[in-house]
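See below for the structure under consideration.
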Amino acid sequence: TGAQIALEAHRRGHGVTLLTSHPEAVTDLRQPDEALGERWVLRRYRTFDDLQERLAQEIREPNLDALIHSAAVSDFQTAGIYAPAAGTAFRKTDLSWNSASGSPTFQDMAAGKVKSEAPELWLRLTRTPKLVDRVRMEWGFRGVLVKFKLEVGVNEEHLLEIAEQSRRHSDADLMAANTLEGANFWAYLGPLEGRYERLGRRELAPRLLDAVEHLHRERHS
């Protein structure tokens with residue numbers, strides 16, 4: 001999705017910086033005779049920390065007019081790999097830990113090579129900050145901000161309620177929202193003239209950029 005939007009923006013004459021973990025998508029989607037040397041920058045990231053660092057850097061560029069945040073950023077990241085110490089065991093019957101010493105203890109396995117004889121390993125996951133929420137408050141971006149929202153197992157009415165609440169929470173100008181079940185076929189974009197509009201996937205990139213360009217013109221007229 002990010003590659004589609006970036007390519008559409010470039011075709012319209014905009015300068016584009018694409019942060020992506022899948023640069024091959026650009027190769028798959030670009031037209032055979034499409035040259036991307038001028039007004040095009042691609043920066044690859046692999047981890048959450050990579051993306052956070054690159055976003056913070058790019059947002060501080062003085063000529064940045066719009067940020068379209070379509071990356072599906074992980075809500076959690078690993079904060080340790082542990083094995084139960086001798087005498088500590090997980091009890092499946094009541095989902096609790098049992099220890100001969102009375103207090104379950106663990107060994108940190110992240111410092112070196114994990115040995116194959118370890119009977120089981122446990123990952124500790126911690127919440128990652130919402131990068132899109134840092135765009136306004138912490139990084140001070142004042143251009144057009146577009147947020148994306150993906151939900152699972154909700155109907156479209158509930159999706160729109162969640163999407164609008166999420167847009168306001170992040171102080172985003174526009175929201176593109178869909179469900180995992182419908183992600184390959186449609187998305188809602190809004191608010192457009194006070195409402196959300198259901199679009200086919202092929203319509204999303206051009207209609208989204210129409211809305212971004214309109215908002216930018218309004219602010220600078």
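In this structure, L95 and F90 have side chains that are in contact, with non-hydrogen atoms separated by less than 4.5 Å. Under the 4.5 Å side-chain criterion, counting only non-hydrogen atoms from C-beta, Q31 is not in contact with L7. Between T179 and V152, every side-chain heavy-atom pair lies at or beyond the 4.5 Å cut-off. R30 has its side chain within reach of L36: a pair of non-hydrogen atoms, C-beta onward, lies under 4.5 Å apart. Within the 4.5 Å cutoff, side-chain heavy atoms of R167 are placed close to those of Y196. Looking only at side-chain heavy atoms (C-beta outward), M175 and P191 stay at 4.5 Å or farther from each other. Contact annotation: the side chain of P84 never approaches that of Q107 to less than 4.5 Å [non-hydrogen atoms, C-beta and beyond]. Within the 4.5 Å cutoff, the side chain of F141 has heavy atoms near those of the R136 side chain.
R168 CZ: 12 or fewer foreign heavy atoms inside a 6.0 Å radius. Annotation for E218: atom CD counts as buried by contact number, over 12 foreign heavy atoms lying within 6.0 Å. More than 12 heavy atoms of other residues, nucleotides or ligands shown are found within 6.0 angstrom of CD on E120. Crowding of E24 atom CD: a count of heavy atoms from other residues, nucleotides or ligands under 6.0 Å exceeding 12.
Of the N and O atoms on the side chains of T20 and R43, not one donor lies less than 3.5 Å from an acceptor on the other residue. Side-chain contact of S103 with S101: a donor-acceptor pair under 3.5 Å is absent, judged by distance alone. Defined by atom type and a distance below 3.5 Å, a donor-acceptor pair is present between the side-chain atoms of E156 and Y188.
There is a path of hydrophobic side-chain contacts, each under 4.5 Å, that joins V73 to L145. In the hydrophobic clustering of ILVMFWY residues, with side-chain heavy atoms under 4.5 Å counting as a link, F148 and L189 come out together. V154 and F185 end up in the same hydrophobic cluster when Ile, Leu, Val, Met, Phe, Trp and Tyr side chains are linked at under 4.5 Å. Transitive grouping of hydrophobic side chains (ILVMFWY, heavy atoms separated by less than 4.5 Å) keeps L180 and W186 in distinct clusters. Taking hydrophobic clusters as Ile, Leu, Val, Met, Phe, Trp and Tyr residues chained together by side-chain heavy-atom distances below 4.5 Å, L18 shares a cluster with L29.
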What verdict does the side-chain contact (heavy atoms from CB on, under 4.5 Å) test give for I81 and D108, after you've listed the backbone C-alpha separation in whole Å, the side-chain angles of each residue and the deciding distance to 0.1 Å? CA-CA 6 Å; I81 306 170; D108 186 354; 5.6 Å; no
Worked verdict on I5 versus L208 for side-chain contact (heavy atoms from CB on, under 4.5 Å): CA-CA 8 Å; I5 295 169; L208 187 153; 4.2 Å; yes
Would F76 and F48 count as a side-chain contact (heavy atoms from CB on, under 4.5 Å) if you check the C-alpha gap in whole Å, the side-chain angles of each, and the deciding distance to 0.1 Å? CA-CA 9 Å; F76 294 88; F48 173 87; over 6 Å; no
Would you please test H169 and Q165 for side-chain hydrogen bond (donor to acceptor under 3.5 Å, both in side chains) and show each step? CA-CA 6 Å; H169 175 79; Q165 183 178 9; over 6 Å; no
Trace of the side-chain hydrogen bond (donor to acceptor under 3.5 Å, both in side chains) decision for T47 with D49: CA-CA 5 Å; T47 67; D49 290 337; 5.1 Å; no
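Judged by distance alone, the side chain of H10 and the main-chain N or O of E38 form a donor-acceptor pair under 3.5 Å. A donor-acceptor pair is defined here as one N or O able to donate and one able to accept, closer than 3.5 Å; no such pair exists between the side chain of E197 and the backbone of L192. T128 contributes a side-chain N or O that, together with a main-chain N or O of S74, makes up a donor-acceptor pair within less than 3.5 Å. A distance-only check finds a donor-acceptor pair linking the side chain of T88 to the backbone of T105 [under 3.5 Å]. Checked by atom type and distance alone, the side chain of R124 never pairs as donor or acceptor with a backbone atom of T78 at under 3.5 Å. Using a distance-only test at 3.5 Å, with no hydrogens or angles considered, no donor-acceptor pair links the side chain of R39 to the main chain of T17.
Residue D173 forms a side chain to side chain contact (heavy atoms under 4.5 Å, CB included) with just one option from V146, L67, V144, and that option is V144. Partner S166 forms a side-chain hydrogen bond (donor to acceptor under 3.5 Å, both in side chains) with one of K130, E151, K147 and no other, that one being K147.
E138 CD to L131 CG: the interatomic distance, rounded to the nearest 0.5 Å, is 10.0 Å. Here Q4 contributes atom CD and L209 contributes atom CG; the two are 11.0 Å apart, rounded to the nearest 0.5 Å. Rounded to the nearest 0.5 angstrom, E34 CD and T27 OG1 are separated by 11.0 Å. Note: R44 CZ to L51 CG = 13.5 Å, rounded to the nearest 0.5 Å. Atom CG of residue L19 and atom CD of residue E53 lie 11.5 Å apart, to the nearest 0.5 angstrom. Note that CG of L159 and CD of E164 are 11.5 Å apart. Values are rounded to the nearest 0.5 Å.
For Y82 and W122, the gap between ring centers reaches or exceeds 6.0 Å. Taking the six-membered ring for Trp, H220 and H216 have ring centres closer than 6.0 Å.
Listed by first and then second residue, the salt bridge (charged side-chain N to carboxylate O under 4.0 Å, His left out) pairs involving residues 77-87 amount to none (not counting sequence neighbours).
Checked against ring pair (Phe, Tyr, Trp, His ring centres under 6.0 Å), H69 has no partners two or more places apart in sequence or in another chain.
Using a 4.0 Å cut-off between charged nitrogen and carboxylate oxygen, E58 and R54 do not count as a salt-bridge pair. Residues D171 and R142 are not paired through a salt bridge, judged by the lack of any N-O separation under 4.0 Å between the basic side chain and the carboxylate.
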